[in-house]
Undergrad: 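One structure follows; several queries about it will come next.
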Amino acid sequence: MFDQVWLNAHLATMDGPADAPLGIIEDGALAVRDGRIAWIGRRAELPGPAAATTDCDGAWLLPGLIDCHTHLVFGGDRAAEFEQRLAGATYEEIARAGGGIFSSVRATREASEAALLAAATPRLRGLMAEGVTTVEIKSGYGLELESELKMLRVARRLAAAHPVEVATTLLAAHAVPPDFPGGANAYTNFVATEIIPAAATSGLADAVDAFCERIAFSPEQTARVFEAAEAAGLPVKLHADQLSDLGGAALAARHGALSADHLEHASAEGLRAMAEAGSVAVLLPGATYFLRDAKHPDIGAMRAAGVRMALSTDLNPGSSPARSLLLMLNMGCTLFRLTVAEALLGVTRHAAAALGLGDRGVLRAGMRADLALYRIGRPAELCYWLGGNPCVGRVVGGRSA
């Protein structure tokens with residue numbers, strides 16, 4: 001007997017062939033046992049009874065959405081800086097006045113763990129309400145040992161308090177703190193020898209990320225961070241080629257990174273290296289929109305290379321205060337010209353791969369029963385509408401949430 005069956009649903013499994021990747025099953029059913037999908041198919045072919053049954057009344061069932069790149073835990077906000085930029089202030093002027101990323105660092109360092117948890121909770125709940133069942137949360141606004149661990153502890157507390165899965169990523173190599181003696185090389189060594197081992201041994205980090213860019217860390221410094229992560233048994237990810245082509249995509253590929261994210265300036269060679277390594281390209285249209293960046297990722301080159309593309313909010317206080325993954329579906333299609341199938345795979349199947357989570361992202365027997373139910377006429381509506389929320393139900397690990 002099944003634990004629960006969802007009937008009278010249309011299913012977008014995200015498990016179809018190349019010419020029909022949404023894997024649509026009309027008038028379908030899905031059965032769960034012990035938190036995993038036990039059977040999926042046409043309703044007329046459902047093989048057995050269930051302890052509980054849910055009639056979906058013709059709604060659409062998709063894999064639970066996955067937001068695979070967020071900076072969801074931070075102190076304060078930068079709305080005042082946004083206002084200043086609209087009035088003509090430059091980034092350099094704002095930074096000289098104490099703004100920019102280091103204003104977020106100060107606010108995060110000063111905030112208590114309880115305050116960070118209280119501020120992050122509504123952000124997380126907003127994503128969950130849209131059908132998100134897994135979210136990645138990075139650190140990176142602490143830039144010192146205790147503050148970085150504090151952010152990761154808050155991420156773990158969010159997971160414990162909500163029916164959602166949280167993957168944590170240590171991003172201590174986000175920027176070089178101006179108050180750190182010795183500059184970038186000394187701070188890189190501190191991240192590698194102190195922060196990464198502490199995050200790994202405490203079990204607070206599931207992966208390690210870095211920002212490889214001229215204003216942050218060089219490829220050589222990034223490689224040092226990656227080597228320390230690998231020594232600690234943690235997979236790596238990379239903020240790559242956002243502002244210039246420093247070879248970040250190829251660097252990520254050489255280290256077998258789960259993903260390289262942004263990639264506005266990535267070369268065709270770097271993208272081919274990513275495809276060969278199996279690294280996922282995570283696209284972040286919220287940052288492109290908010291920063292009014294004229295340079296977009298080369299989607300054609302990604303398609304030609306065969307690199308998998310994920311899509312995420314990049315929720316953060318400075319460059320992408322985006323609190324809606326559904327809005328990113330529309331932006332991915334309108335700004336980057338993704339197809340509907342590419343966008344939807346980008347927040348399900350490929351987003352799972354970007355986090356190294358092979359047990360979710362598709363509706364298939366044996367997979368984790370993370371589901372999102374939408375009152376829509378067809379899956380394209382999730383990419384079409386600007387605003388509104390058609391999500392009418394979530395299931396996390398086989399349980400309605």
Side-chain angles (χ1 to χ4, degrees), residues 67-71 82 85 90-92 100-101 136 138 140 169 171 173-175 209-219 221-222 236-255 257-275 277 279-322 325 327-339 342-343 345-347 350-351 353-354:
D67 197 352
C68 64
H69 180 130
T70 86
H71 306 252
F82 176 65
R85 287 202 307 273
T90 66
Y91 181 85
E92 290 76 15
I101 186 174
E136 185 250 24
K138 302 179 189 294
T169 299
L171 183 57
H174 193 190
D209 197 348
F211 185 21
C212 183
E213 195 55 73
R214 290 189 179 95
I215 63 171
F217 296 88
S218 70
Q221 291 161 347
T222 301
V236 298
K237 303 166 68 67
L238 186 62
H239 284 61
D241 302 333
Q242 180 184 7
L243 306 176
S244 62
D245 181 10
L246 289 187
L251 174 63
R254 285 196 298 275
H255 286 269
L258 294 173
S259 72
D261 305 26
H262 286 291
L263 299 170
E264 285 85 347
H265 293 264
S267 67
E269 294 78 12
L271 295 173
R272 286 194 293 270
M274 285 179 59
S279 301
V280 177
V282 178
L283 308 177
L284 305 169
T288 298
Y289 169 81
F290 194 73
L291 297 175
R292 294 185 288 186
D293 194 344
K295 179 66 173 175
H296 294 182
D298 191 339
I299 303 302
M302 292 181 186
R303 289 171 180 149
V307 66
R308 293 171 293 176
M309 295 180 287
L311 192 61
S312 187
T313 60
D314 192 18
L315 170 54
N316 75 76
S319 63
S320 184
L325 189 57
L327 180 58
M328 296 306 102
L329 285 171
N330 180 276
M331 286 188 176
C333 294
T334 56
L335 290 179
F336 294 167
R337 296 296 189 263
L338 297 179
T339 67
E342 286 171 337
L345 288 168
V347 296
H350 296 163

Undergrad: Kindly compute the distance separating CE (Met309) from CZ (Arg303), expressed to the nearest 0.5 Å.
TA: 5.5 Å
Undergrad: Indicate the atoms forming the closest heavy-atom contact of Cys68 with Val282, along with that distance.
TA: SG-CG1, 3.9 Å
Undergrad: Gln242 side chain to His262 main-chain N or O, any donor-acceptor pair under 3.5 Å?
TA: no
Undergrad: Quick one: do Leu243 and Ile215 satisfy side chain to side chain contact (heavy atoms under 4.5 Å, CB included)? Show the steps, please.
TA: CA-CA 9 Å; Leu243 306 176; Ile215 63 171; 3.7 Å; yes
Undergrad: Among Asn316, Asp314, Thr313, exactly one meets side chain to side chain donor-acceptor pair (under 3.5 Å) together with His69. Which residue is that?
TA: Asp314
Undergrad: Could you measure the distance from the CG atom of Asp261 to the NE2 atom of His239? Nearest 0.5 Å is fine.
TA: 6.5 Å
Undergrad: Which heavy atom of Ala301 sits nearest a heavy atom of Leu271, and at what distance?
TA: CB-CD1, 3.7 Å
Undergrad: What is the minimum heavy-atom distance between Ala252 and Ala260, and which atoms define it?
TA: CB-CB, 3.9 Å
Undergrad: As a quick check of understanding, evaluate side-chain hydrogen bond (donor to acceptor under 3.5 Å, both in side chains) for Glu136 and Thr169, giving each step before the final call.
TA: CA-CA 7 Å; Glu136 185 250 24; Thr169 299; 2.8 Å; yes
Undergrad: Does some side-chain heavy atom of Glu342 sit less than 4.5 Å from a side-chain heavy atom of Leu345?
TA: no
Undergrad: How close do Val280 and Ala354 get, heavy atom to heavy atom, and via which atoms?
TA: CG2-N, 3.8 Å
Undergrad: Return the minimal non-hydrogen interatomic distance between Arg85 and Phe290, and the atom names on each side.
TA: NH2-CE2, 3.2 Å
Undergrad: Set out, in order, the CA-CA distance, both residues' side-chain angles and the distance that settles side-chain hydrogen bond (donor to acceptor under 3.5 Å, both in side chains) for Asp293 and Thr288, then state yes or no.
TA: CA-CA 5 Å; Asp293 194 344; Thr288 298; 5.4 Å; no
Undergrad: Of all the heavy-atom pairs spanning Met328 and Ser312, show the shortest one and how long it is.
TA: CG-O, 3.7 Å
Undergrad: Is there side-chain contact between Leu258 and Val236, with at least one heavy-atom pair below 4.5 Å?
TA: no
Undergrad: Quick one: OG on Ser320 to CG on Leu291, what's the gap to the nearest 0.5 Å?
TA: 8.0 Å
Undergrad: Does a side-chain heavy-atom distance below 4.5 Å link Cys212 with Pro219?
TA: yes
Undergrad: Which residues pass the salt bridge (charged side-chain N to carboxylate O under 4.0 Å, His left out) test with Asp209, not counting sequence neighbours?
TA: Lys138
Undergrad: My understanding is that only residues two or more places apart in sequence, or in another chain, count here; which of them pass salt bridge (charged side-chain N to carboxylate O under 4.0 Å, His left out) with Arg254?
TA: none
Undergrad: Around atom OH of Tyr289, are there more than 12 heavy atoms from other residues, nucleotides or ligands closer than 6.0 Å?
TA: no
Undergrad: Sequence neighbours left out, what passes side-chain hydrogen bond (donor to acceptor under 3.5 Å, both in side chains) with His255? Give chain and number order.
TA: Glu230
Undergrad: Find the distance between CG (Leu284) and CG (Leu263) and round it off to the nearest 0.5 Å.
TA: 8.5 Å
Undergrad: Hey, which of Arg214, His265, Glu264 is the one that makes side chain to side chain donor-acceptor pair (under 3.5 Å) with Ser244?
TA: Arg214
Undergrad: Quick check on side chain to side chain contact (heavy atoms under 4.5 Å, CB included): which of Met302, His296, His350 does Leu283 satisfy it with?
TA: Met302
Undergrad: Report yes if the side chains of Leu311 and Pro285 come closer than 4.5 Å at any heavy-atom pair, otherwise no.
TA: yes
Undergrad: State, yes or no, whether a side-chain contact exists between Leu338 and Ile299 at a heavy-atom distance under 4.5 Å.
TA: yes
